[in-house]
Amino acid sequence: MDIRNIAIIAHVDHGKTTLVDELLKQSGTFREGQATTERAMDSNDIERERGITILAKATSVEWKGMRINIVDTPGHADFGGEVERILSMVDGVCLLVDAAEGPMPQTKFVTSKALALGLRPIVVLNKVDKPDAEPERALNEVFDLFANLGASDEQLDFPHLYASGRSGWADDSLDGPRKDLSALFDLIVRHVPAPKQIALQGEPFRMLATTLSADPYLGRILTGRIESGRLTTGTTLKALSRDSERLEQFRVTKILAFRGLSQQTIDEALAGDIVTIAGMSKATVADTLCALEVDTALPAQPIDPPTITVTFGINDSPLAGRDGSKVQSRVIRDRLMKEAEQNVAIKIADTPGGEAFEVSGRGELQMGVLIENMRREGFELSVSRPRVIMRDIDGVRHEPVEEVIVDVDDEFSGTVIDKLTGERKGDLVEMRPAGVGKTRIVAHVPSRGLIGYHGQFLTDTRGTGVLNRIFHGWVPHKGAIQGRRQGVLVSMETGVTVAYALWNLEERGRLFLGPQEQVYVGMIIGEHSRDNDLEVNPLKGKKLTNVRASGTDEAVRLTPHIRMSLEEAIAYIDDDELVEVTPKIIRLRKRYLDPHERKRQSRSE
């Protein structure tokens, strides 16, 4: 059967996974009356809850006797390590752009990787049936983006379609019949070339591993595209590292191919197809699986380096071990090493004491998803504030800078510009109208300045602003940037909080917890209204007397307290604070729980 391999690229919430749902339905992948779910490709629980794609996944559909392998790529730059590997498996890309928003930062990131590989794009202007859609403007912005990214003349001569993924149609023109996605299927067949590897079916078997996973029955399994030759079950292969060093020799126990949303066992796989192989014990991502006579590894795509570091440690608070079952540093280290093996964008390093681990990655969201997965698996750990990784270039200290694109109401634009360019030492690149009463602001801001800014941004824009960011490059260090302005309220007692005490503390600042919650000495229970930390007693009850009168007793009415999400908590804390993460709760605390130890530490610093 003839094959086409294509990846779908889109910014977060531009409708990529919904479009794949419709492609699966209209290709006949689902039988009539079969129960299906929305966003079928987002199989991970966190993906479904947050509405984002985190892991790159492949599926396969058949159209007029041709097999089309479709790869769903993550839309957020924090998961770019997935994208850089996955694009090496395909021969074309379908760029999905919201007709109202136009190309956004994550679109730019993934598209630059695809164009650099020489892939010819297909542009689909999605959501053209929205009232604020401007498909022609979005199309012009896509062309400008391609030109700025150094696209070749052949890549600039891209075909485009107008579509609505939710309604399940795509047409060559805006006034088309709007019936189905056949125009998109036919364009993929015409525009995306057949894999060059098909001509190499007589050569020895070679395959570059791009994703790693584990199966309870099959063990370690690797997925990739076959670069040459053919493979049958039971064949003996060897694994080569990136440096062509021999890692192991193994026998292929099973070959799986993507058929719809599931993987089916096949007896033989040919060059050009995307398959999953089981049987190895050491081979991992970026290794070459090949026939015994092959001595040279396939070139692997370089991965962009991490930009932030977070310290993961054991949970040593007084409430440790009550919720989770995995609390030892050895168990945490094994889990992090397993994650680093699957995700090449994450680096793990031990700290001198051995009780904590430096985890380096792309951004706060990537770290947040890793921590969320670990807490759901029963881990307890403490997490530090993210720190930006600096780099020496020609003897000068450089720091990472991110491109920030903000869409806000006109009345808030001045406040946002002041915060980005003034307090956070960013550079304003562009400012222009973006629809009725909206302004689009583009700025280059140091990554340090953006840690913890998102919550303040939502406050400044009354929750109406939209902020997107992506790594832009390296610039000389810009000096000190002011961190969090407010201090925190720190508990000076251990026990259960009392409503009366919290009611009296409300005038001191905003609280992070309610009554009848367990606290301990050194735990952060709220944000102080001033810039210094304040030790308070949230356990202090009301003194009882024999006097009772309608005018002497006041009813205790508490203001609803703030519950931070995991990413918000990590971004909120200061350098001398930690986030305590358990399967059931997220707490903030001082790094040194004993007040005397804190004073000694501050004197020594």
Side-chain angles (χ1 to χ4, degrees), residues 3-12 14-17 19-20 23 41 53 55-59 68-98 102-126 138-139 141-161 184 187-197 208 210-211 223-225 227 272 274 286 298-304 344-345 362 403 468 470-472:
I3 298 172
R4 297 290 185 270
N5 297 321
I6 188 167
I8 297 188
I9 297 171
H11 182 78
V12 177
H14 277 204
K16 167 171 47 68
T17 309
L19 179 70
V20 174
L23 290 172
M41 292 288 282
T53 300
L55 302 170
K57 293 173 286 291
T59 186
I68 302 174
N69 290 318
I70 301 171
V71 180
D72 187 11
T73 61
H76 200 286
D78 276 20
F79 310 107
E82 292 279 323
V83 174
E84 289 154 6
R85 303 196 314 268
I86 287 299
L87 289 178
S88 64
M89 291 201 305
V90 299
D91 304 291
V93 292
C94 176
L95 174 60
L96 198 66
V97 177
D98 189 307
M104 297 293 279
Q106 273 75 28
T107 311
K108 178 179 178 180
F109 169 77
V110 186
T111 306
S112 66
K113 299 291 181 185
L115 294 177
L117 289 171
L119 301 176
R120 295 172 59 201
I122 295 171
V123 175
V124 177
L125 300 164
N126 196 27
L139 184 61
E141 289 178 357
V142 171
F143 184 88
D144 294 340
L145 173 65
F146 285 3
N148 293 335
L149 294 176
S152 65
D153 292 341
E154 187 180 32
Q155 289 171 328
L156 286 172
D157 187 22
F158 56 85
H160 66 276
L161 296 174
L184 178 56
L187 183 57
I188 291 172
V189 171
R190 290 197 315 270
H191 187 73
V192 178
K196 299 174 185 175
Q197 290 77 7
L208 183 68
T210 51
T211 60
T223 302
R225 178 174 65 177
E227 295 296 322
I274 297 173
L298 292 166
Q301 285 296 316
I303 303 298
D304 286 349
V344 293
R362 293 287 180 83
E403 181 177 273
N468 292 283
I470 183 173
F471 174 73
H472 178 69

To the nearest 0.5 angstrom, please state how far the [atom1] atom of [X] sits from the [atom2] atom of [Y].
X      : Y      : atom1 : atom2 : answer
Met89  : Asn5   : CE    : CG    : 8.0 Å
His160 : Leu139 : NE2   : CG    : 5.0 Å
Leu184 : Ile122 : CG    : CD1   : 7.0 Å
Lys113 : Ile9   : NZ    : CD1   : 12.0 Å
Leu87  : Leu117 : CG    : CG    : 6.0 Å
Ser112 : Asn148 : OG    : CG    : 12.0 Å

Would you call the rings of Phe158 and Phe146 parallel, tilted or perpendicular, taking 30° and 60° as the class edges?
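Answer is perpendicular, since the angle exceeds 60°.
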Would you say that [X] contacts [Y] through its side chain, given a criterion of any heavy-atom pair below 4.5 Å between the two side chains?
X      : Y      : answer
Leu23  : Ile8   : yes
Ile6   : Val90  : no
Thr111 : Val142 : no
Leu19  : Asn126 : no
Ile188 : Cys94  : no

N/O donor-acceptor pair under 3.5 Å between [X] side chain and [Y] backbone:
X      : Y      : result
Gln155 : Leu115 : yes
Asp157 : Asp153 : no
Thr210 : Thr223 : yes
Asp91  : Arg4   : no

Provide the closest heavy-atom pair for [X] versus [Y] in the form atom of the first, atom of the second, distance.
X      : Y      : result
Glu141 : Gly102 : OE1-CA, 3.7 Å
Pro299 : Leu208 : O-CD2, 3.8 Å
His191 : Pro159 : CE1-CD, 3.5 Å

